[in-house]
Amino acid sequence: MAFVTANWNPLGNVFYRKFDLYSEWMIKEDISNSLIAAAPYGGPIALMTNQSHKEKSPSLRPIVEIYSSSGNRIVSFPWKSGIVVNIGWTTNEDLLCIQDDGTVLIHNIFGTFKRHFSMGNEVLQNRVMEAKVFHSAYGSGIAILTGAFRFTLATNIDDLKLRRLSEIPGLKHPPTCWDVLMEDRQTKIILANGKDLYILDNTSCTSVTLPGLGPQVCGFAQIAISFNYKWLALFTDTGSIWLGSSSLKDMLCVIDTNFQTPPKQFVWCNRPKSTNPTIVGVWDKLLFIAGSSEETIKFYLDEDVHLVSEIDGVRIISSHSHEFLHEVPPACQDIFKIASMAPGALLLEAHKEYEKESQKADEYLREIKEQNLLFEAVQQCIEAAGNEYEPDMQKALLRAASFGKCFISNFPPDMFVRMARDLRVLNAIRDYTVGIPLSYPQYKQLTIEVLIDRLILRKLYPLAIKICEHMKISEFQGASRILAHWACYKVQQKEEPDDSIARAINHKLGDTPGISYSEIAGKAYDCGRTELAIKLLEYEPRSGEQVPLLLKMKRSQLALLKAIESGDTDLVYTVVAHLKNEMNRGDFFMTLQNQPVALSLYRQFCKHQEPETLKDLFNQDDNHQELGNFYVHSSYCNETTIEGRVANLQSAVDEYSKAKNEFAAKITEDQIKLLRYQNRLQKESGKTYLDFSLHDTVYKLLLENKHKQAEQLYKEFKIPDKRFWWLKIAALAEKGHWEELEKFSKSRKSPIGYMPFVEICVKHRNKYEAKKYVAKVSPEQKVKGYIMVGDLDQAVEVATERKNESELNTILSKCTPATDQLILEKINRAKAQILKK
Amino acid sequence: MAGRRDAPELPDFGVLKQLARDQLIYLLEQLPGKKDLFIESDLMNPLDRIANVTILKKHDVDKLYKLENKLIQGVNDQLCFLIRPRISSVKQIAEIVNADKGEGRRHKYKIIFTPQKFYMCETVLEEEGIFGDVTFDEWDFYLLPLDNDLISMELPEFFRDYFLEGDHRWLCTVAKALQLLHSLFGPFSKTYGIGRCAKMTRWLWKEIAEDAESEMKQEADIGRVFFIDRDVDYVTPMCSQVVYEGLVDDVFRIKCGSVDFGSEVTSSDKSVKVLLNSQDKVFKEIRNEHFTNVFGFLSQKARKLQKEYDKRQGMNIQQMKDFVSQELKSLKQEHRLLSLHIGACESIMKKKTKQDFQELLKSEHALLEGFEIRESISCIEEHINRQISPYESLRLMCLLSLTESGLISKDYRSLKTQYLQSYGYEHMLTFANLKQIGMLTEQQPGEVLTVVESTMGKLVTDKAVGKLTDAFSSLARKSHFRAFSKRLNLIPRSEEEYDLKFPRDMAYVFSGAYVPLSCKIIEQVLERDGWTGMEEVSRLLNCSEFVSIEWATLSTPPHCSHLGTTCIVGDASVIQEGSDCAGFSLTVRPSPWCLFVRSGDETFHQMIRTVCSGNHPTKKQILISP
């Protein structure tokens, strides 16, 4: 086992190991003379050469080079913009180049320019002195120190909010060192000015002191903050390093290094959950590792290096090597430590013996089982496998775990299965063609979803899909999403014709669930390929999804059609609102006229919000009938003065005439006449007449004894005789003008017969009057009339005369045996007579 | 209904209420602390069925207001509005908010739209300048179970919006409601439909159903669904029905499944609100009975009740104790209901035995049969002249127009003139609207032939009628009432005496004069399991969009389909006056029972009212009754 621990270096009670991530690593550029930035989580490495010389000669433009972690040069392009102060990567693996004028340019991993933004006027005026890119839960941020020694911060560049931090008292020259700190969800800056330490936050600048530091210290030269912002390290001018919590409340230890110069680079190297925070510093040709223990580790270097802090270690990049330095994880330590008797170590040994078909296997196994530690042994082996980079070693450990599993009943299988799957993914992405050397803890932290995103970003679509299938990620989140990205990439291939791209995309994507053709079409449109976008939209099964893009592409008419097709009226209305703003009024109306669904929707809106528009709509369509109705409506709803109402009705008359609806025009004219008449009446009498119907007006006149006016209306409006008679007798009876009623009944032959006279008298409980009219009632209704006035005797007589049995029966039902004895007999006699015949 | 032994158990639709209640409570709790709740007036009744005042108070609702035209100032800092997505309501809210703003009060406003929000409402809020001041939510309250076998969306404006204004926005709402039913009681194995709206709704629903990939139950409570457009059958709601429930609705108006009995019924000063559904034991027995039988039933019931009371005469103390603790309460309850229904009956009798009503029925039946049209017209005229009832007159005119394929010009003009003279000129717009939806139309000169056709219908062979129909199918939609009523036997032969005690078909609802068209269609289609043989009828109805869709994507075994056959009259219900559907379902043989789902409360009055109202919202009708 010796070879496993060959690169292990003890530091206190733990070990550190440093090994090559890729053996074939080689970059041409000189690291020491370039700006260099590497994205964490095995991300790409960017270099910008020539920068430090700041030569004005245009022929010597800086070159930007982007390498994958395995050393493949992804892209190399000359820098054509201004002077770059610093470069860095975002959490989405976009390259940020911060220029001295405060402009930040964003390129993607392939060096394609995406966008740029500015860090504000203040930065522009005072120029950028130093800049740092940092990452937090909110995304990627930028901190800038300007020439005026002020800091400007942006916590998330995707949601740019610039914050200018407060002034540091007495700062006359740049701070000796500074860094960005995240505390309580707040971005702060810690800086040292000589021996003064300050923390800058949103509102204030606080001076702080370090606990447990000797009085002889009179300056801080370097600062380092751990990956998770939990720890802070400061290098003092006396050559000692202060380690402690980033809140500056607790001190861990002070290490005396005896170095006189500050380290060139200074980073933390911590395993998550580790109890041994460790700091790494680089002095010229020396890599220095120290922690809370007495010991230190020193590596001598052949060339300049660049340190990249990771969540569980440090990547060390130089021109000829790419190494990873980390604390050996506990499981590996337990198994591989020399003379380890940990259960995992024994199990690995047991399995080795078993492969050799040696009976020693049994002995080792027994030893584990006797301590009842077989479960732990298997666990250790699985865990250790995850933390080993060599597939052979992984296999050996997993085999041992699998072997141990056989001797435990009910060992939950998913731990083993999951690790085997994860390792396959890890090995696949660590391959130099992919070049993402994630460690197991990094991979877990990053999550598989983000990893897939990164593969998509690198256009490694087939691998991403394979991984999704392998990890059993649902089609909706996995394969479809990747295919959609592929399609979005595909539409950018300008050399291929629209038709073949559309076909290729549809061929591959088909009806895969969760595919949004409209999104792909949107991408095509963004690339300026409108025709392709429209072709792609046709594959979109949900018409509703097509609408927003069609609007964006200014295909409003088509958008309206699709919106209507979708049946979603909200969508239709959105398009209508869009059209309204986009088109001139005439065209807008024309468009609506052709789309009844949209038209009626817009009408509904206008009815409440813009009545005038409604009028225009009808006007434009020459819909005079509706216009007439519109005026009638507004005459009743919007107008209060009699003139206004008449004017509106007059307009209605005109419209109805135009619509060749003479009938409606005539009625409306009558109404105008009535309104005027009522108005006059109202003024004369001081009583309300307006808004009564003709019927009610006449009735009211009659009640007020204005018979002349009533007659006038009767003639003028050609009220049918019947109605007038009904009205008149009702009014007369109501007022109790019985003589008048009688006179009226004799004025001429009643068009409504005389039964109504009887009824109205009875209604007003005047049977005496009623009786006067019964005789005149038509024979068919006479019996009913007599019953009504209560003259059963006469009723029987009439019924007998008419020989009508059913009428007799009706009378019979009205009789009470006690009082109407005589009548009863009469009825019975009459009935008998009818029967006889 | 109770006697249907082959009927499967109805699913418990109470779950719909429970869901709505839970969501409402959740929404209220989203606004922590005391709040005033403003409720749109026509949501009051449905809300009461879901969550009463006690429940609302429990969830920090302090004061309840009706959202009206007048400004009310709440007492709390938080105002919550519960409204239908109507522009007018949103404007009212805007007024309140703007008034508060004007006076410098700062409140928190939240609008809960039910059942959904429309984009148009947001536009209005934006134009009124309060978009940023309010927050929104949606309360997915789509379906309210009114009875064991009746679910309603309580969307009265559906009819006006869709059929009159051509506004499609509620279709999505109906589709979502269907999806709710589908997910709770489905899967639906088969859908039938007639009419444009039915077709669109089904399509929209299917879109939603396909998007929502959820686990489907194997056994469906509701297996078959029938969609029917209101405008397929305008005739039925124009007729007065004479079963008890129908008359109660006629006289007292059943609103949201309950009725307010006034003092003339309760024989006290107070009016009583009574829930009318099958839980009411008395009502359950008489609701579908022809009115002539109702009194007999009630007196029988009274005697039985008395007997139950009398039981206690011979009881010993223990028995008496049991009686008091167990039976007395239910007896008393029954007693109370019985006296209410008897009171209601009396009221109905008083109103309906009048001469006018008898004449009305007579002309109605004459119109349905197509005899003595002139007499009917003069009867309507008299009706109008005497200002008996604005709605009844309109109803008869509509019936006349529907059965006669429009009024001839002379009649149309004279009736219209007289109507306007009686009830005011503003009804110009009512007539315009009725014409628009085809309920009351004037025959165009070119259409004279169709009149001939309809009167000749009895003589000419069906084929000829068909040809004639083809010839005129290009014209505007019109009723071919005579033709299809003959084809579907909607008018029972009058020479036979109709036994109302033991009815032989659905016509008993209308005293044996008419079998409701929509119900007949449903019966026929379910009997045939499709539209084969019904093509003629659909053409006569001018609903060429007759569709019959197999819902084959769900692998429901065929034998399951009989589990529940449901008729959803989704878009506009056919159920005339309340839920006498149970009465109709007696004859719908292949379906053991019917469940009706309707979009609004579409009795005739409701329909007419939605068509009339809104034209002159500020004008009140001034009627002086002679």
Side-chain angles (χ1 to χ4, degrees), chain A residues 513 542 564 566-574 577 596-597 599-601 603-605 607-609 625-626 628-629 632-633 635-637 649 652 663-664 667-668 670-671 674-675 688 691-696 698-700 703 717-720 722-723 726-727 730-731 734 752 756 759-760 784, chain B residues 86-88 90-91 116-120 123-124 127 161 165-172 175 200-201 203-204 207 211 213 355 381-382 384-387 409 412-414 416-418 420-429 431-433 442 614-624 626:
Chain A
R542 288 157 299 177
I564 291 168
S566 78
D568 181 348
T569 46
D570 268 7
L571 206 56
V572 177
Y573 190 71
T574 320
V597 175
L599 179 63
S600 47
L601 209 63
R603 268 192 201 153
Q604 289 278 67
F605 174 76
K607 221 172 245 178
H608 290 94
Q609 286 295 86
Q625 178 69 33
E626 280 297 332
N629 292 345
V632 173
H633 188 239
S635 150
Y636 276 89
C637 291
L649 287 179
F663 173 61
I667 301 180
T668 313
D670 281 355
Q671 175 63 16
L674 181 65
L675 263 181
T688 318
D691 281 326
F692 278 34
S693 69
L694 180 61
H695 182 105
D696 297 334
V698 173
Y699 190 65
K700 197 163 179 197
L703 282 183
F717 289 96
K718 297 200 185 77
I719 296 176
K722 281 184 180 179
R723 181 193 291 272
W726 280 112
L727 274 168
E734 169 99 35
I752 52 173
E759 281 169 356
I760 201 89
K784 212 173 121 198
Chain B
R86 295 176 185 135
I87 293 179
S88 53
V90 173
K91 286 184 89 165
Q116 67 181 109
K117 181 178 72 187
F118 288 129
Y119 177 64
M120 213 183 271
T123 325
V124 173
E127 288 191 4
D161 279 353
E165 316 271 5
D167 181 344
H168 291 188
R169 66 185 147 160
W170 294 109
L171 294 189
C172 259
M200 285 192 277
T201 311
W203 183 80
L204 281 173
E207 291 268 297
D211 267 2
E213 337 155 40
Q355 182 104 26
E381 241 166 31
E382 191 185 315
I384 298 171
N385 281 341
R386 293 173 57 196
Q387 277 194 338
S409 258
Y412 180 79
R413 291 179 182 196
S414 108
K416 184 168 168 184
T417 313
Q418 304 213 29
L420 297 186
Q421 285 186 356
S422 267
Y423 298 113
Y425 170 77
E426 61 269 32
H427 285 287
M428 268 296 273
L429 299 175
F431 277 86
N433 287 345
E442 181 182 359
N615 289 328
H616 38 85
T618 52
K619 291 276 168 280
K620 268 186 212 117
Q621 280 192 330
I622 304 154
L623 293 176
I624 303 176

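Just so it is clear: chains get the letters A, B, ... in the order the sequence lines come, proteins before strands, and each one is counted from 1. Just the heavy atoms: all of them, side chains too, but no hydrogens, waters or symmetry mates, feed the values below.
Atom OG of B/Ser422 and atom CG of A/Leu694 lie 8.5 Å apart (nearest 0.5 Å). A distance of 10.0 Å separates CG in A/Leu601 from CG in B/Asp161, rounded to the nearest 0.5 Å. Atom NZ of B/Lys416 sits about 5.0 Å away from atom CD1 of A/Ile667, to the nearest 0.5 Å.
Counting only heavy atoms from C-beta outward, the side chains of B/Gln387 and A/Tyr699 never approach each other to under 4.5 Å. With a 4.5 Å cut-off on side-chain heavy atoms, A/Leu649 and B/Tyr425 count as touching.
Residue B/Ser414: no heavy atom, backbone or side chain, is found under 4.5 Å from chain A. Contacts between A/Glu626 and chain B at a heavy-atom distance below 4.5 Å involve the side chain alone, from C-beta outward. Interface residue B/Trp203: only side-chain heavy atoms are found under 4.5 Å from chain A. For a residue to count as touching a neighbouring chain, one of its non-hydrogen atoms must lie under 4.5 Å from one of that chain's; by this rule A/Ser566 touches chain B with the backbone only. Contact annotation for B/Leu204: only side-chain heavy atoms (C-beta onward) come within less than 4.5 Å of a heavy atom of chain A.
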Margin query: Assess the residue pair B/Arg169 and A/Gln604 against the criterion (side chain to side chain contact (heavy atoms under 4.5 Å, CB included)); give the C-alpha distance rounded to whole Å, side-chain angles, the decisive distance to 0.1 Å, and a yes or no.
Written below: CA-CA 11 Å; B/Arg169 66 185 147 160; A/Gln604 289 278 67; 3.5 Å; yes
Next item on the list: Could you give me the CA-CA distance, side-chain angles and deciding distance for A/Ser693 and B/His427, then say whether side chain to side chain contact (heavy atoms under 4.5 Å, CB included) is met?
Entry: CA-CA 10 Å; A/Ser693 69; B/His427 285 287; over 6 Å; no
Next item on the list: I would like to know whether A/Trp726 and B/Glu382 meet side chain to side chain contact (heavy atoms under 4.5 Å, CB included); could you show each step before the answer?
Entry: CA-CA 9 Å; A/Trp726 280 112; B/Glu382 191 185 315; 3.6 Å; yes
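With sequence neighbours left out, A/Tyr573 forms a ring pair (Phe, Tyr, Trp, His ring centres under 6.0 Å) with A/Phe605, B/Tyr119. Annotation: side chain to side chain contact (heavy atoms under 4.5 Å, CB included) contacts of B/Lys117 (sequence neighbours excluded): B/Phe113, B/Glu122, B/Phe136, B/Glu138.
No option in A/Asp568, A/Val572, A/Thr569 other than A/Thr569 meets the side chain to side chain contact (heavy atoms under 4.5 Å, CB included) test with B/His168.
Ranked by heavy-atom pairs shorter than 4.5 Å toward chain A, the options B/Glu381, B/Gln418, B/Met200 are led by B/Gln418. With chain B as the partner, the residue from A/Lys784, A/Lys718, A/Arg603 showing the most heavy-atom pairs under 4.5 Å is A/Lys784. The most heavy-atom pairs under 4.5 Å with chain A, out of B/Lys91, B/Glu207, B/Met120, come from B/Met120.
There is no side-chain donor-acceptor pair under 3.5 Å between B/Gln421 and A/Asp670.
Looking at A/Lys607 and B/Glu165, a side-chain N of the basic residue comes within less than 4.0 Å of a carboxylate O on the acidic one, giving a salt bridge.
The two residues B/Cys172 and A/Gly567 have their closest heavy-atom pair at SG-O, 3.6 Å. Nearest approach of A/His695 to B/Asn385, heavy atoms of both residues: CE1-O, 3.0 Å.
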